[in-house]
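One structure is given here, and the rest of the page talks about it.
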Amino acid sequence: MIRRFAMLLSIGLLLFLAACGGADNNASTASSNGGAAVPDIAAEEELIISATDYSFDQQEYHLKKGVPVNIVFKNESGNHGILVPELNLRLDGKDSSQVIVPEEAGTFEMTCAIMCGSGHSGMSAKVIVE
């Protein structure tokens, strides 16, 4: 009886700690990668990215290194999102815009962030930071 109680208490404690460990660590990871989300800074530029069924409106998007840019995602048809891990950028219908400051020059792969059907794996574009 006591053993079962101890086991249940241990499991409950582990679940509680696991739930508390889900804090948003984007602020610490953003500074260690190529782009940082910057909610308190005014964007100097704006980039609109549109998605339709299995494609983005452009094959390449160009950003300037060190220049704050407001990325706006528009879902024209289907259910899509964008993901660029190196720039700490993920947008979808729920969170459709974000200000970032690209800190690292390079070419980064942008993919669809939401499983959108049979053409999902081919839905990609390049983000080029110059």
Side-chain angles (χ1 to χ4, degrees):
M1 176 78 166
I2 293 175
R3 190 175 225 177
R4 283 186 182 174
F5 178 75
M7 178 79 85
L8 287 173
L9 185 60
S10 297
I11 291 171
L13 181 60
L14 286 173
L15 289 173
F16 175 76
L17 291 174
C20 291
D24 185 13
N25 292 324
N26 284 342
S28 63
T29 59
S31 62
S32 66
N33 60 25
V38 187
D40 296 336
I41 193 166
E44 293 179 24
E45 296 186 1
E46 182 174 77
L47 172 65
I48 298 174
I49 300 172
S50 297
T52 59
D53 285 328
Y54 313 126
S55 66
F56 295 108
D57 61 331
Q58 297 179 35
Q59 290 296 312
E60 293 182 353
Y61 299 91
H62 294 266
L63 302 176
K64 296 176 187 169
K65 179 181 172 184
V67 176
V69 59
N70 183 35
I71 311 281
V72 178
F73 176 67
K74 292 190 176 186
N75 203 359
E76 301 294 333
S77 67
N79 189 21
H80 306 286
I82 59 173
L83 176 65
V84 186
E86 297 87 356
L87 297 176
N88 195 31
L89 178 65
R90 180 185 172 107
L91 298 173
D92 53 32
K94 186 173 156 185
D95 297 313
S96 62
S97 69
Q98 180 179 338
V99 175
I100 65 167
V101 180
E103 298 294 342
E104 184 179 323
T107 300
F108 306 102
E109 186 79 16
M110 180 176 72
T111 58
C112 182
I114 298 172
M115 177 51 106
C116 56
S118 61
H120 174 75
S121 62
M123 192 170 172
S124 66
K126 303 283 185 202
V127 176
I128 301 169
V129 179
E130 303 162 324

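Side chain of Gln98 to main chain of Asn88: a donor-acceptor pair is present (N/O by atom type, distance under 3.5 Å, no hydrogens or angles).
The minimum heavy-atom distance linking Asn70 with Val72 is given by the pair ND2-CG2, 3.5 Å. Shortest non-hydrogen contact noted between Ile49 and Tyr61 is CG2-OH, 3.6 Å. Glu76 and Ser50 get closest at one heavy-atom pair: OE2-OG, 3.5 Å. Here the closest non-hydrogen pair linking Asp92 and Lys94 is OD1-N, 2.9 Å. Taking both residues in full, the closest heavy atoms of Gln58 and Glu60 are given as OE1-O, 2.9 Å, listed atom of the first, atom of the second, then distance. The minimum heavy-atom distance between Ile82 and Phe56, with the atom names listed, is CG2-CE2, 3.3 Å.
With rounding to the nearest 0.5 Å, the separation of CG in Asn79 from SG in Cys112 is 8.0 Å. Rounded to the nearest 0.5 Å, atoms CG (Leu91) and CG (Asn75) are 11.5 Å apart. Here CD1 of Ile128 is found 15.5 Å from NZ of Lys65. Values are rounded to the nearest 0.5 Å. Taking OG1 of Thr52 as the start and CG of Asp57 as the end, the distance is 8.0 Å to the nearest 0.5 Å.
Side-chain atoms of Ser124 and Thr111, non-hydrogen and from C-beta on, do get closer than 4.5 Å to each other. Counting only heavy atoms from C-beta outward, the side chains of Glu44 and Pro68 approach each other to under 4.5 Å. In this structure, His80 and Met123 have side chains that are in contact, with non-hydrogen atoms separated by less than 4.5 Å.
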Can you list the steps and then say if Glu104 with Glu86 is a side-chain contact (heavy atoms from CB on, under 4.5 Å)? CA-CA 9 Å; Glu104 184 179 323; Glu86 297 87 356; over 6 Å; no
side-chain contact (heavy atoms from CB on, under 4.5 Å) between Ser118 and Tyr54, worked out: CA-CA 8 Å; Ser118 61; Tyr54 313 126; 4.0 Å; yes
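Using a 4.0 Å cut-off between charged side-chain N and carboxylate O, Glu109 and Lys126 make a salt bridge.
Of the residues Leu63, Val127, Leu87, Val84, the one that meets the side-chain contact (heavy atoms from CB on, under 4.5 Å) test with Ile71 is Leu63.
Residues Leu47 and Ile100 share a single hydrophobic cluster, defined by chaining ILVMFWY side chains whose heavy atoms lie under 4.5 Å apart.
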